[in-house]
Number of protein chains: 2
Amino acid sequence: MTTENSISFEIATRLRTEILRQRFQSGDRLPSERDLAARFDSSRGAVREALSQLEQSGLIDIQPGGARVKPIEAASISVLGPLMSLDEVPDPALVDQFLQTFGALSALTAREAIKQANDEDMIRLRRMVVNLNRQSKDFESMQPPWREFLEELANVADNLVVHLISNDLKTHFVEQMLQLGFVPKLRKTAVNEVLSDLQKAVAARDGNQAQAAVQAYFDEVRGAVRELIHSRLGENRRQAV
Amino acid sequence: MTTENSISFEIATRLRTEILRQRFQSGDRLPSERDLAARFDSSRGAVREALSQLEQSGLIDIQPGGARVKPIEAASISVLGPLMSLDEVPDPALVDQFLQTFGALSALTAREAIKQANDEDMIRLRRMVVNLNRQSKDFESMQPPWREFLEELANVADNLVVHLISNDLKTHFVEQMLQLGFVPKLRKTAVNEVLSDLQKAVAARDGNQAQAAVQAYFDEVRGAVRELIHSRLGENRRQAV
DNA sequence: CTCTATATTTGGTCAGACCAATTTGGTCCG
DNA sequence: CGGACCAAATTGGTCTGACCAAATATAGAG
C-alpha cells in the first residue's frame with residue numbers, strides 16, 4: 001500500500017496488535033476516542049479513522065457509549081496477516097491451517113481450470129506440468145514454476161471469489177516466509193509421485209485427479225514446513241536460554 | 001453490525017457501489033475529499049472515514065494528490081457481499097464461484113475434522129450424518145441439519161483460517177439467497193448417492209472420501225442453483241418487457 | 001436496597017485551519 | 001513545435017474546538 005505512513009494507520013496497527021495479543025477481553029470497552037487520542041498524542045480524527053478500519057475488519061464494534069472488542073473468531077480474514085506477524089516465527093498451527101486452505105483453493109482452481117480450459121489452455125498447462133517435472137525436486141527450484149503454474153490455472157479457472165480470497169491470504173504471508181529464509185525440505189519420492197499423478201491428470205484432462213494431486217503436493221509442503229518451523233522454534237528457545 | 005446508520009457508512013456504501021458498478025475506470029482519480037463532502041452534504045471527516053474503509057477493502061488507493069480506483073481483482077474478499085447485492089438477482093457466475101469455493105472449504109473442513117476427531121466427536125458426527133439421511137431429500141428440509149453438520153465439522157476441525165474466510169463469505173450471502181426465496185430443486189437420486197457415500201466415509205473414518213462427498217453435494221447444489229437463477233432471470237426479463 | 005432523575009461521558013458530525021506533497025498551468029527556452 | 005522548468009492551485013494528513021444525541025454513571029429519593 002501507499003498510505004501506510006499515516007498516523008491513523010500507525011494507530012490502527014498498534015491497536016490491532018494489542019487486540020490480537022488478547023490485551024483486551026472480548027467484550028471489553030476500548031478506551032474512549034479522546035483517551036486514545038491523548039495516548040497516541042494525536043487527534044480524535046486520526047483515532048476515528050483507525051477505529052473505523054478495525055471495525056471493518058471485525059475486531060471491534062463501535063457503538064454510542066463505547067467501542068467493544070469482539071472475539072477474534074468474529075473477525076475478517078484481513079487479520080490473518082497481522083496475526084501471523086505477531087511473533088518472529090509464526091504459530092505453526094496457523095501456518096498449517098493456512099497451507100491447508102491455500103492448498104484446497106489451489107486444488108479447486110486446478111479442477112475448474114481443467115474443466116473449462118480450451119485447447120490452447122490445455123497445451124500450455126501440459127507444457128507447464130512437464131516443465132515442473134523437469135526441475136530437481138527441492139522446494140527452491142520448484143517454487144517459481146509452481147507459482148507460474150498456479151497463476152496460469154487461476155487465469156483459466158477465472159474464479160473471482162477464489163481470487164479475492166487469495167489476495168487476502170497472500171498478503172504478508174509470502175514475504176514473511178521468505179524473510180525467514182524458509183526452505184522446507186520436501187520428500188523427493190513423495191513429490192515425484194505427486195507430480196507424476198499431476199502430469200497424468202493433466203494429460204488425461206481429469207479435473208478431479210488434478211485436484212487431488214495439487215492438494216497432495218500442498219500436503220507435502222505442509223509436512224515439510226511443520227518440521228521446519230518446529231526446528232526454528234527450537235533454535236529460538238535455545239537462543240533465549 | 002451496529003454502526004451502519006452513520007453518515008460515513010452511507011458514503012462508503014454509495015461510493016463502493018459506484019466503484020463496483022464500474023462508474024470509474026481503474027486508475028481514475030476519485031473526486032477530492034472536499035468535493036465529495038460537498039456532494040454528500042457532509043464534512044471531510046465523514047468522507048475520510050468512508051475512504052479509509054474503501055482503501056482497506058482494496059478498492060481505492062489513497063495518496064497525496066488524490067485517491068485512485070483500483071481494479072476489482074485487487075480488492076479484498078469483503079467486497080463479495082456488495083458485489084452480489086448490486087442487482088436484485090445476483091450474477092449467476094458469481095454465485096457459482098461462491099458455491100464452488102464454499103464447497104471446497106467445507107470439504108476440506110470435513111477431511112480435517114475426521115482426521116482430528118476424538119471418539120466422542122466421531123460418535124456425534126456419525127449420528128448427524130445418519131440424521132441427514134433420514135430427511136426427505138429436498139433442499140428445504142435438508143438445510144438445517146446440513147448447517148448443523150457443517151458447524152460441527154468446523155468445531156472439530158478448528159481451522160481459524162477457514163473460519164475467518166467463512167465469516168466474510170457468509171456475510172450478506174445467505175440472507176440474500178433466502179430473501180429471494182431460493183429453493184433449489186435437487187436431484188434426489190444424485191443426492192441420495194452422495195449422502196450414502198458420506199455416511200460410508202464417516203463410518204469408515206475416511207477423510208478423503210468424506211471430502212469428496214461433501215464437495216459432490218455442493219456440486220449438486222450448484223447445478224440446482226444455476227437452473228434456479230436462470231429461470232429467475234428469465235422471469236425478470238419477461239417482466240421488463 | 002431499588003428505582004429514578006440528573007450529570008457526565010461517549011460516539012457522530014461539523015467547521016475551519018495549517019502543512020507538505022502533488023498536480024496543474026503557464027512560461028520560457030531550444 | 002516540443003520539452004524543461006517554475007509558480008500557483010489542489011489535495012491529502014492532521015489538529016483544534018465545538019455541538020448534539022444517545023448511552024452511561026452517579027447521586028439522591030423512596
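Numbers restart at 1 for each chain; the letters A, B, ... are given by sequence-line order, proteins then strands. What you see is a predicted model; the values in this text were computed from it and never measured.
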Where along nucleotides 17-24 of chain C does protein come under 4.0 Å, by heavy atom, of base (B) or sugar-phosphate alone (S), with - for untouched nucleotides? B----SSS
Between A:His163 and A:Asn159, is there a donor-acceptor pair closer than 3.5 Å when you use the side chain of the first and the backbone of the second? no
Applying salt bridge (charged side-chain N to carboxylate O under 4.0 Å, His left out), which residue pairs with at least one partner in residues 152-162 of chain B are found, sequence neighbours left out? B:Arg124-B:Glu152
How do A:Ala46 and B:Leu30 order along DNA chain D: which one's closest nucleotide is nearer the 5' end? B:Leu30
Do B:Asp28 and B:Arg68 sit within salt-bridge range, that is, some charged N less than 4.0 Å from a carboxylate O? no
Whole-Å distance separating the CD atom of A:Gln53 from the P atom of D:dG13: 11 Å
Hey, could you give me the CD1/CZ distance between A:Ile11 and A:Arg14, rounded to the nearest 0.5 Å? 8.5 Å
Within residues 13-20 of chain B, find the residues that approach DNA chain C with a heavy atom at under 4.0 Å, and present them sorted by residue number. none
Nearest-Å distance, CD1 (B:Ile7) to C1' (C:dG11)? 14 Å
OP1 or OP2 of D:dG13 sitting under 4.0 Å from any side-chain N/O of B:Arg48? yes
Would you mind reading off the distance between B:Ile11 atom CD1 and C:dG12 atom P, rounded to a whole angstrom? 14 Å
Please list, chain by chain and in numerical order, all residues satisfying salt bridge (charged side-chain N to carboxylate O under 4.0 Å, His left out) with A:Glu18, sequence neighbours excluded. A:Arg39
d(CD1, B:Ile60; P, D:dT11) in whole Å: 15 Å
Atom CD of A:Glu33 to atom C1' of D:dT16: distance rounded to whole Å? 15 Å
Round to a whole Å and report the spacing from CD1 of A:Ile62 to P of D:dT24. 15 Å
A:Asn167 (side chain) donor-acceptor with B:Ala75 (main chain) under 3.5 angstrom: yes
Please enumerate all residues that pass salt bridge (charged side-chain N to carboxylate O under 4.0 Å, His left out) together with A:Arg21, with sequence neighbours excluded. none
Fit a plane to each ring of B:Trp146 and B:Phe218, take the angle between them on a 0 to 90° scale, and name the class: parallel (under 30°), tilted (30 to 60°) or perpendicular (over 60°). perpendicular
Could you tell me the separation between the CD atom of B:Glu55 and the C1' atom of D:dG12, rounded to a whole number of Å? 11 Å
Please report, rounded to the nearest Å, how far the P atom of C:dG12 is from the CZ atom of B:Phe40. 19 Å
Could you go through residues 106-113 of chain B and list every donor-acceptor pair under 3.5 Å that involves a side-chain atom there, pairing it with any protein atom two or more places apart or in another chain?
unit_1: B:Ser106; atom_1: OG; unit_2: B:Phe102; atom_2: O; d: 2.8
unit_1: B:Thr109; atom_1: OG1; unit_2: B:Leu105; atom_2: O; d: 2.8
unit_1: B:Arg111; atom_1: NH1; unit_2: A:Asp219; atom_2: OD2; d: 2.9
unit_1: B:Arg111; atom_1: NH2; unit_2: A:Asp219; atom_2: OD1; d: 3.2
unit_1: B:Glu112; atom_1: OE1; unit_2: A:Gln100; atom_2: NE2; d: 3.4
unit_1: B:Glu112; atom_1: OE1; unit_2: B:Gln116; atom_2: NE2; d: 3.4

